[in-house]
Every structure is written in C-alpha cells, then in structure tokens.
Amino acid sequence: MLNGKRVILGITGGIAAYKISFLIRMLKKQGAEVKCILTPAAKDFVSPLTLATLSGEPVYHYFWNREDGRWTNHVDLGIWADLMIVAPLTANTLSKMAQGNADNLLMATYLSAKCPVIVAPAMDLDMYAHPTTAENLNRLENHGIQIIPAEEGFLASGLEGKGRMAEPSTIFERVEDHFALSASLKNQTILITAGPTYESIDPVRFIGNYSSGKMGFALAEIALQRGAEVILISGPTQCQLHHDRLKRIDVNSTLEMYEAVHHHFEKCTGGIFAAAVSDYRPATKAEQKIEKSEKTLQIDLVKNPDILASIGESKSKNQWLIGFALETEKPEVHARKKLQKKNLDAIVLNTLQDAGAGFGHDTNKITVLDKDNNSHNFELTSKREAAKNIFNFLTDRFV
Ligand code: CTP
C-alpha cells in the first residue's frame, strides 16, 4: 500500500525526535519515499546524518543550501508529497501551524503543501493541557489535519502524564490507514447536491431557506480525500472547495438543479442528495419588481419536481443513491417511508430536536438508515466528521 508513496516527514525540536528514525525505517521498508525536513531546533535532538542515511535522501533544513548557495524550493517539496507528517509536533510549531507563520523551511513547506497532513504532538503535560494548545489543535482539526493524540506516560521532565508522542508504530499504522482510506472511493464518481435553492418571485426577491451548504461540501471534501471524482451541484452558498477531481456546478433554482442532476447522474456510480430543495416555486416570476399596494399579497406556488425521487426512478441497478431527511415527528418512521418511496439505498436523518444539528450549524447529529433495516445513531460531531461517518457506513455496504 505504501509502495511509491511520497512522504514528507517534518521533525521539530522535541526529545521524541530521536524515535523518528524507527518511523523512517518502517516507511522505507514498505516502499515509501521519505524526505525529512528539520526545524532549526530539531537538529539539536537528531542528527541529519542519521536521517539522511535512513531515508536515502538529503535532509532539508534551510531555505538555501549553505554549500552551493542554491535555494531549497519549498513549493516543489509541497507538490511532491502524497502525505506530510509532522512528528514530533512541539507546542511552538503547533502554534505556527495554527497561525500560518512561515519563518522556517518546514512551515513554508506546510503552507505550500496540497497533500493531507498528519501530526503527532509531543510536549510536557502542562503544555499539552494548556487551553492554547487545545485551541490550536482544534484549529488544525478544522483545517482537516489529522491529529494523533499524545499518549500518557513518563515525560522527559521526570513528570508523568499525557504529552508523550504516539509511538512510531502507532504513527505508522495511521499512515497505512490513511492510504487505505484515501483509495476507498477511488473508482467512484459521486454526484452530490448541496445548499438551498432560490425560487424567484421578481427580479430582486426569492423564496429560499437557511441551508448553508456546509454538509454537502463536507461530503464532497471527504469523498475527494478518499479518491472519488466528485460532481458537486450546489445552490447559492458561501462555501468554497477546490480540487483537481472536483467539478462544481452552481445553480439557483430547483429546476436548474433538476436539469444539472439529470444531465450528470448517468455517468456517476452514485449520488448523495444533501441539498435543501424548495418543494414549491412561484407560479410566475414577475418581470418587474412588485411594488407594495394592498395590505396583503398573495403569491401562487406550484410544486417543484422531486429531484431525488426522479433519480430513484430512473437510476440503473448498479448506481447507489442516498438521500437526506429532516424530520420533526416520528423521525425514523418518516425517514424509512422516504427511503422506500424514493427508491434509496440509505437515508441520513437529521432531527431538529438535537441542539447543534441541521441548518447553519458547523455540527450535525445524524442517524443513517439503510434499505436492509440497519441503522446507526451517531453523536453530535462536526459536519466533516459526520461526512466521514456517512462514508464509513456506506462504503462497506453499497460502494
Ligand atoms: N429532495 C429533492 N428534490 C426535492 C425535494 C427534496 O431532491 N424537490 C431531496 C433532498 O435533497 C433530500 C430528500 O429529497 O435528500 C428529502 O427531502 P425532504 O424535503 O425531507 O422530503 P420530501 O419528500 O420533500 O418531504 P417533506 O418535505 O414533505 O417532508
């Protein structure tokens, strides 16, 4: 699995740096290419000669090579890598990563890198327990960085507690898991709908809803991380996502979303419909802005097509289909009915009873129900974690 994979190993100035030699050996043994970048402080803890010998590559530590004067191109290093690991990660480098500070080669490479990043923090127990450390780790997590938590044990200070870097074998297992997972949707082309739809009343007004698009974009992000091609059809949203394997199509209304979905679904292996689609639209769109006159104003609405149900009817039997349901009463009963009615393989249920779940929030609390009567309740998590849970649940079953 690691054969030919290109790994940048960032090493910072903590005593656990001495253990990194073992990680390099494990990675090399499995066929990975490893390039080490040291922070200035790391050189006091581990010898560049040891790292160069084990990795079979030059070790990078300055922006320029002091012998031949050549610039070390951090952008090329960042582009080269399939994965970046920073271990041990000191409190100092953690803080720089959280702030985007680029005062050394490792940090400049981190900011240039497009690949996934795994970090293994290591520091004394009080530093690890400090609220700033927790905030910085949280920030990294929100940027999609995978964190291998520090472990309990004896620390260099003589104290005992949480702060030891995870063992090289644990880091190695996480790297293996990462590459296994990043290939788990490799042969999939997934269509995802996201965001609200806007139905025009006149040139300046519309009927819409509070959907932020965050859930659909989180699904797209995780599907891309796991190797899928993604076609993301989104209603109006502030969300951003860029990736070579992403095709993003922006729409406004339900009818536009319907057209785009039907145009693209045929070439997809499956679809996840996370958009909050407007069930009705004004029967006519006024050509001019509607001026106020009477005390009341009536707007006739007509029903929009159900995009998900129409795909459920026309899909081939090899294509899988997942819907979302937002329910306020008898949630599981209603969600199961929708699952059957729309010919879905599974449905992701949100209930408005759960604090922090649903529209606008960064978190979600979901239950996934499948057509074989399995169901799984997940805890309240970030939408990115919820997206991972959805794919973890589905990949074994349908994908
Ligand atoms: N959906 C869709 N097109 C619509 C309405 C809904 O594609 N016109 C999709 C949503 O993206 C979601 C699922 O259908 O995946 C469930 O939508 P929901 O609004 O909960 O279900 P409805 O069938 O519209 O039922 P109701 O609004 O009556 O609860």
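Note that this is a predicted model, so its numbers are computed, not measured. In listed order, ligands and their atoms are each counted from 1.
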Evaluation steps, salt bridge (Lys or Arg N to Asp or Glu O under 4.0 Å), between Lys289 and Asp202: CA-CA 5 Å; Lys289 184 173 167 244; Asp202 67 16; over 6 Å; no
With Leu83 as partner, the option from Arg6, Lys5, His178 fulfilling side-chain contact (heavy atoms from CB on, under 4.5 Å) is His178
Of all the non-hydrogen atoms in the protein, which one sits nearest to atom 3 (N) of ligand 1, and at what distance? Ile307 N, 3.0 Å
Test of ring centre spacing under 6.0 Å for Phe378 and His376: yes
How close do Ser21 and Tyr18 get, counting heavy atoms only, and between which atoms? OG-O, 3.7 Å
Contact check: Ala276 vs ligand 1, nitrogen or oxygen atoms, below 3.5 angstrom: no
Residue, atom name and distance, where the atom is the protein heavy atom closest to atom 7 (O) of ligand 1: Leu308 N, 2.9 Å
Under the salt bridge (Lys or Arg N to Asp or Glu O under 4.0 Å) criterion, do Asp177 and Arg174 qualify, and how do the steps go? CA-CA 5 Å; Asp177 288 352; Arg174 280 291 287 266; 5.7 Å; no
N-O pairing of Lys96 and Asp103 below 4.0 Å: yes
Is there any N or O on Gly323 that sits under 3.5 Å from an N or O of ligand 1? no
Any N/O pair Ala274/ligand 1 closer than 3.5 Å: no
Which heavy atom in Asn136 sits nearest to a heavy atom in Ala98, and how many Å separate them? OD1-CB, 3.5 Å
Where is the nearest protein heavy atom to atom 15 (O) of ligand 1: which residue, which atom, and how far? Phe273 O, 2.6 Å
Could you check atom 13 (C) of ligand 1 against the protein and tell me its nearest heavy-atom contact, residue, atom and distance included? Phe324 O, 3.0 Å
With a 4.5 Å heavy-atom cut-off, do Tyr258 and Ser310 have their side chains touching? yes
Ring-face cation of Arg397 near Phe393 (centre distance under 6.0 Å, axis angle within 45°): yes
Report yes if Ser278 has an N/O atom closer than 3.5 Å to an N/O atom of ligand 1; otherwise report no. no
Just checking, is any N or O donor in the side chain of Ser234 or Asp250 under 3.5 Å from an acceptor N or O on the other one? no
Could you tell me whether Asp306 approaches ligand 1 through its side chain, its backbone, both or neither, with non-hydrogen atoms closer than 4.0 Å? both
Check: Ala325 N/O within less than 3.5 Å of ligand 1 N/O: no
Check whether any N or O atom of Asp279, backbone or side chain, sits under 3.5 Å from an N or O atom of ligand 1, and answer yes or no. yes
Between His334 and ligand 1, find which residue part has any heavy-atom pair under 4.0 Å and reply side chain, backbone, both or neither. neither
Are any of the N/O atoms on Val277, whether in the backbone or the side chain, positioned under 3.5 angstrom from an N/O atom of ligand 1? no
Tell me the protein heavy atom at minimum distance from atom 10 (C) of ligand 1, and give that distance in Å. Ala275 O, 3.4 Å
N or O pair under 3.5 Å between Lys338 and ligand 1: yes
Validation row: Glu199, Pro282 side chains within 4.5 angstrom (heavy atoms): yes
For atom 23 (O) of ligand 1, which protein heavy atom lies nearest, and how many Å away is it? Lys342 NZ, 2.9 Å
Pro305, portion touching ligand 1 at heavy-atom distance under 4.0 Å: backbone
